[in-house]
Amino acid sequence: MELDRDLASVQQVRNLLKQAKAAQDVLKSFSQAQVDDIIKAMRDAGEAEACRLAAMAISETSMGKYEDKCFKNYFAAKHVYDYIKDMKTAGIIDSREKLWKIAEPVGVIAGIVPTTNPTSTVIYKAMIALKSRNAIVFSPHPTAARCTAEAAAVMNRAAVAAGAPEGVISCLTNISMEATQELMKNPITSVILATGGSALVKAAYSSGKPALGVGPGNVPAFVERTADLAKAAEYIIAGKTFDNGTICASEQAIVVEECVAGELIQQLKRYGAHFLEPEEVEKVSRVVMLPNNSMNPRVVGRDPQVIAKMAGINVPQHAKCLVAPLNGVGAQWPLSYEKLTTVLGFYQVKDWEEGCEKCIQLLDIGGIGHSLAIHTTSEAIVREFALRKPIFRVLVNTPSALGGVGATTELAPSFTLGCGTWGGSSVSENVTPLHLINIKWVAWHVAIPERPAIQPAAGTPATSAAGSVDAQIVQAVVEEVLKAMKCNLK
């Protein structure tokens, strides 16, 4: 009897999780040297297959740019490896005279993969999972199922060839919402590593399992009057157009001081920005955004010429990005929301204080906790923004998309960017293998804590001094704690 599609997909999840659990039971006993040999082999495979996987992703999703996806795959393999290769993630990772820290794996990880980064996310998550001695089962987006599965297969083959147990990395091929729910809620799953839309990330956090997820990144780019305007324009366009805006840390709106706005506009045009007229803003808004202020999936990661054609307007062939001047933030101005494509909002403000407030408004509608870019030569302004903004990444004089993932900054190289509790996330950092280990502590006796002199309560008989001095002190401490808890020592 042939199972229905949804039942077959759920059964596949259960089978893959059982295989992953068996593999992880073996992997957890591996030494640091064995683990490091495995991830080195995975790095080599990721580098070698970076362009082939990029071509598969472009062919299947029609999102982004081939050369940028090649770089993302290479970055996920080479740069992530360089950052994590010396991390201690197995055995005793810190030993002091009276205190040891021992790393233990978390178990089997559910890896949720977005359609915007369908292969680089797999390479990155597989690397950090196995570095921390965990198995991982991937759930791809339906529109990127083949390239995601192939990326997982590449990583699994390399890991197994280097000594990892078979089944340590796997991917669903029968995809359904029921399957994803089963993957997140199954008792074998230990942790969910979720990258995707807000609804999916919320589902991960409501699954009853520990989850590391990310929220939306409606990233403002503030240009202050002391900025190098040519460099700011170059970096903003480079960040926004990298892989056609599919990275969640990519710039979403420019906020610039009026006194330098004219020159910045000229510099932005020099680097490929095409400014829309008011009636064109309306047309593009209707194409890019849906009535609920979410993004139209048909324009994610698309060239500006494709978006312009859909909107019924003309833009030059050399245009790299559409820029929409806006007068406000919120539902009346749909392009003020997150847009994972080649469209930017544009605001002029009178000074940095008003700019600060405008950025907060943009973050409030969908980017709390994520990132903010600032272009300035004033450290005092950076300090004001860093202290006042409800975000965990202030990216200074760098393309936001690349700075946020750690490509052009010293942040940890990562494709899972935590948004902290402000953004509904359990982590505020870029996720690394150190977020995927449990720490076991071994602690030796060092001292008995000093206690205050205690006068017997009225009517309380004095206790006899029995046992050693240390034993008396310990007993006294216990008695005082119990008294504070209004308990009777039996």
Side-chain angles (χ1 to χ4, degrees), residues 1-30 38 42 104-115 118-119 121-130 132-160 164-197 199-213 416 426 435-438:
M1 179 180 174
E2 186 175 349
L3 292 175
D4 290 342
R5 180 177 174 275
D6 57 340
L7 296 177
S9 66
V10 170
Q11 188 59 55
Q12 184 187 38
V13 171
R14 293 172 179 170
N15 294 342
L16 292 179
L17 283 172
K18 288 177 183 177
Q19 294 174 23
K21 179 65 168 62
Q24 202 273 321
D25 285 343
V26 175
L27 186 66
K28 68 183 180 182
S29 66
F30 278 27
I38 290 168
M42 293 169 66
E104 298 286 356
V106 295
V108 176
I109 297 171
I112 312 300
V113 184
T115 186
T119 56
T121 300
V122 169
I123 296 170
Y124 149 73
K125 288 185 177 181
M127 294 275 286
I128 66 171
L130 268 70
S132 46
R133 296 182 297 165
N134 300 295
I136 187 165
V137 179
F138 288 106
S139 175
H141 192 280
T143 62
R146 291 190 301 276
C147 62
T148 297
E150 180 60 17
V154 166
M155 291 289 99
N156 185 65
R157 285 195 296 268
V160 171
E166 184 61 64
V168 73
I169 301 167
S170 60
C171 183
L172 307 185
T173 54
N174 294 331
I175 304 165
S176 68
M177 285 300 297
E178 291 83 1
T180 301
Q181 288 291 331
E182 176 67 20
L183 178 62
M184 292 193 293
K185 294 182 178 182
N186 190 283
I188 293 176
T189 298
S190 301
V191 170
I192 302 167
L193 197 52
T195 310
L200 190 146
V201 172
K202 288 179 181 178
Y205 278 113
S206 63
S207 68
K209 295 298 179 74
L212 299 171
T416 299
S426 61
H435 294 96
L436 299 176
I437 59 175
N438 292 311

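This is a predicted model, so every value here is computed, not measured.
- Every pair passing salt bridge (Lys or Arg N to Asp or Glu O under 4.0 Å) that includes a residue from residues 176-190 is listed here, sequence neighbours excluded: Arg14-Glu182.
- Of all heavy-atom pairs spanning Ile112 and Pro114, the tightest one is O-CD, 4.1 Å.
- Listed by chain and residue number, Leu17, Lys18, Lys21, Val108, Asn186 satisfy the side-chain contact (heavy atoms from CB on, under 4.5 Å) test with Ile188 (two or more places apart in sequence, or in another chain).
- Under the 3.5 Å distance criterion, the side-chain polar atoms of Ser426 are matched with a main-chain donor or acceptor of Ala211.
- The side-chain heavy atoms of Thr121 and Thr148, taken from C-beta on, include no pair separated by under 4.5 Å.
- A pairwise comparison of heavy atoms in Ala110 and Thr189 identifies CB-CG2, 3.9 Å as the closest pair.
- Nearest approach of Gln24 to Gly107, heavy atoms of both residues: CG-O, 3.5 Å.
- In this structure, the side chain of Ser29 engages the main chain of Val26 through a donor-acceptor pair within 3.5 Å.
- Judged as a side-chain contact (heavy atoms from CB on, under 4.5 Å), and not counting sequence neighbours, the contacts of Arg157 are Arg52, Glu150, Ala153, Val154.
- Thr416 has its side chain out of reach of Ile128: every pair of non-hydrogen atoms, C-beta onward, lies at least 4.5 Å apart.
- A side-chain donor from one of Thr115 and Thr143 sits under 3.5 Å from a side-chain acceptor of the other.
- Among residues two or more places apart in sequence or in another chain, the side-chain contact (heavy atoms from CB on, under 4.5 Å) test is passed with Lys202 by none.
- Here CD1 of Ile175 is found 9.5 Å from NE2 of His141. Values are rounded to the nearest 0.5 Å.
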Side-chain donor-acceptor pairs of residues 164-174 under 3.5 Å, sequence neighbours excluded:
from: Glu166; atom 1: OE2; to: Asn156; atom 2: ND2; distance (Å): 2.9
from: Thr173; atom 1: OG1; to: Gln12; atom 2: NE2; distance (Å): 2.8

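- Met155 is listed as a side-chain neighbour of Ile123, based on a closest heavy-atom distance under 4.5 Å.
- Note that the CD1 atom of Ile109 and the CG atom of Asn134 stand 4.0 Å from one another [nearest 0.5 Å].
- For Lys209, there are no side-chain hydrogen bond (donor to acceptor under 3.5 Å, both in side chains) partners, not counting sequence neighbours.
- When all heavy atoms are compared, the tightest approach of Pro105 to Asn438 is O-ND2, 3.4 Å.
- Here the side chain of Thr119 pairs no donor or acceptor atom with the backbone of Ala151 at under 3.5 angstrom.
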| request: Report the C-alpha distance between Lys125 and Thr195 in whole Å, list the side-chain angles of each, state the deciding distance to 0.1 Å, and finish with yes or no for side-chain contact (heavy atoms from CB on, under 4.5 Å). | output: CA-CA 10 Å; Lys125 288 185 177 181; Thr195 310; 2.9 Å; yes

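- Here the closest non-hydrogen pair linking Leu183 and Phe138 is CD2-C, 4.5 Å.
- Heavy atoms only, all atoms of each residue included: Thr180 and Ser139 are closest at OG1-OG, 3.1 Å.
- Between the side chains of Gln11 and Asn15, a donor-acceptor pair is found at a separation under 3.5 Å.
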